[in-house]
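Just so you know, these numbers come straight off a predicted model, no measurement behind them.
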Amino acid sequence: QVQLVESGGGLVQAGGSLRLSCAASGRTFSSSFMGWFRQAPGKEREFVAGSLSGVGSYYADSVKGRFTISRDDAKNTVYLQMNSLKPEDTAVYYCAAHRSGSVYVRGNYNVWGQGTQVTVAS
């Protein structure tokens, strides 16, 4: 069974940092574009960052310069380092495996984790 499991969320003060992890099992994702999305209460799930080894990384404008996506394909794990966190970064963060089409579109991902809550206090 293909599975993605996020961890690393929590409560942090504004300006602080967190590192999220996404561990994949069931198949290798080394050749898959992997993305991070987030969903705040009452809002749509939005693209945050994504990457594919040998291709590059992509970021939403709202997190550029503050968040960094990385991956350890040998461990089948993707990370999201989040620095200079702001209250507006508060959301449930999901990792997902891309299937086809635009990497910015939620519907183009076919495997999702259960999410991890990130809360940034002001």
Heavy-atom pair of closest approach, residues [X] and [Y]:
X   : Y    : value
V63 : V48  : CG2-O, 3.5 Å
A49 : L80  : CB-CD1, 4.0 Å
A97 : F29  : CB-CE2, 3.3 Å
G9  : T116 : N-OG1, 3.2 Å
A24 : L4   : CB-CD2, 3.5 Å
P87 : A14  : CD-CB, 4.1 Å

- Item | Pairwise disulfide bond (SG atoms under 2.5 Å apart) hits with a residue in residues 46-84, at least two apart |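 Qualifying pairs, neighbours excluded: none.
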- Query: Got a sec, which pairs hit disulfide bond (SG atoms under 2.5 Å apart) with one end in residues 67-106, sequence neighbours left out?
  - Reply: C22-C95
- Query: Taking C-beta and beyond as the side chain, do E88 and S62 meet within less than 4.5 Å on heavy atoms?
  - Reply: no
Between [atom1] on residue [X] and [atom2] on residue [Y], distance to nearest 0.5 Å:
X   : Y    : atom1 : atom2 : answer
F33 : S53  : CZ    : OG    : 10.5 Å
M34 : H98  : CE    : NE2   : 11.5 Å
T90 : Q117 : OG1   : CD    : 7.0 Å
T68 : M82  : OG1   : CE    : 11.0 Å

- With sequence neighbours left out, what residues match K75 under salt bridge (Lys or Arg N to Asp or Glu O under 4.0 Å)? none
- Task: Could you tell me which residues satisfy salt bridge (Lys or Arg N to Asp or Glu O under 4.0 Å) with R71, sequence neighbours excluded, listed by chain and number?
- Result: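 D73.
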Partner residues of [X] under the side chain to side chain contact (heavy atoms under 4.5 Å, CB included) criterion, sequence neighbours left out:
X    : result
A23  : T77
D89  : R38, R66, F67, L85, K86, Y93, V120
S7   : S21
S102 : Y104, V105, N108

- Distance-only, no hydrogens or angles: does the Y109 side chain make a donor-acceptor pair with backbone N or O of V103 under 3.5 Å? yes
- Give a yes or no answer on whether the side chain of Y59 reaches the backbone of I69 with a donor-acceptor pair at less than 3.5 Å. yes
- Query: Centroid-to-centroid, Y58 to F47, below 6.0 Å?
  - Reply: no
- Task: Please list all pairs passing the salt bridge (Lys or Arg N to Asp or Glu O under 4.0 Å) test where one or both residues lie in residues 100-110, with sequence neighbours left out.
- Result: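 Sorted result for residues 100-110: empty, none.
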- Item | Contact list for residues 3-26, test salt bridge (Lys or Arg N to Asp or Glu O under 4.0 Å), sequence neighbours left out |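 Non-adjacent pairs meeting salt bridge (Lys or Arg N to Asp or Glu O under 4.0 Å): zero.
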- Is it possible for you to say whether V78 and L52 belong to one hydrophobic cluster, with membership spreading through side-chain heavy-atom contacts below 4.5 Å? no
- Query: In terms of hydrophobic clustering (I, L, V, M, F, W, Y; side-chain heavy atoms under 4.5 Å; direct or indirect links), are W112 and V92 co-clustered?
  - Reply: yes
- So Y79 and D72, side-chain contact (heavy atoms from CB on, under 4.5 Å) or not? Walk me through it. CA-CA 8 Å; Y79 305 96; D72 185 338; 4.1 Å; yes
- Message: Checking S84 now: which residues fulfil side-chain hydrogen bond (donor to acceptor under 3.5 Å, both in side chains) with it, not counting sequence neighbours?
- Response: none
- Message: Test of understanding: with side-chain hydrogen bond (donor to acceptor under 3.5 Å, both in side chains), list the residues that count as partners of Q3, not counting sequence neighbours.
- Response: none
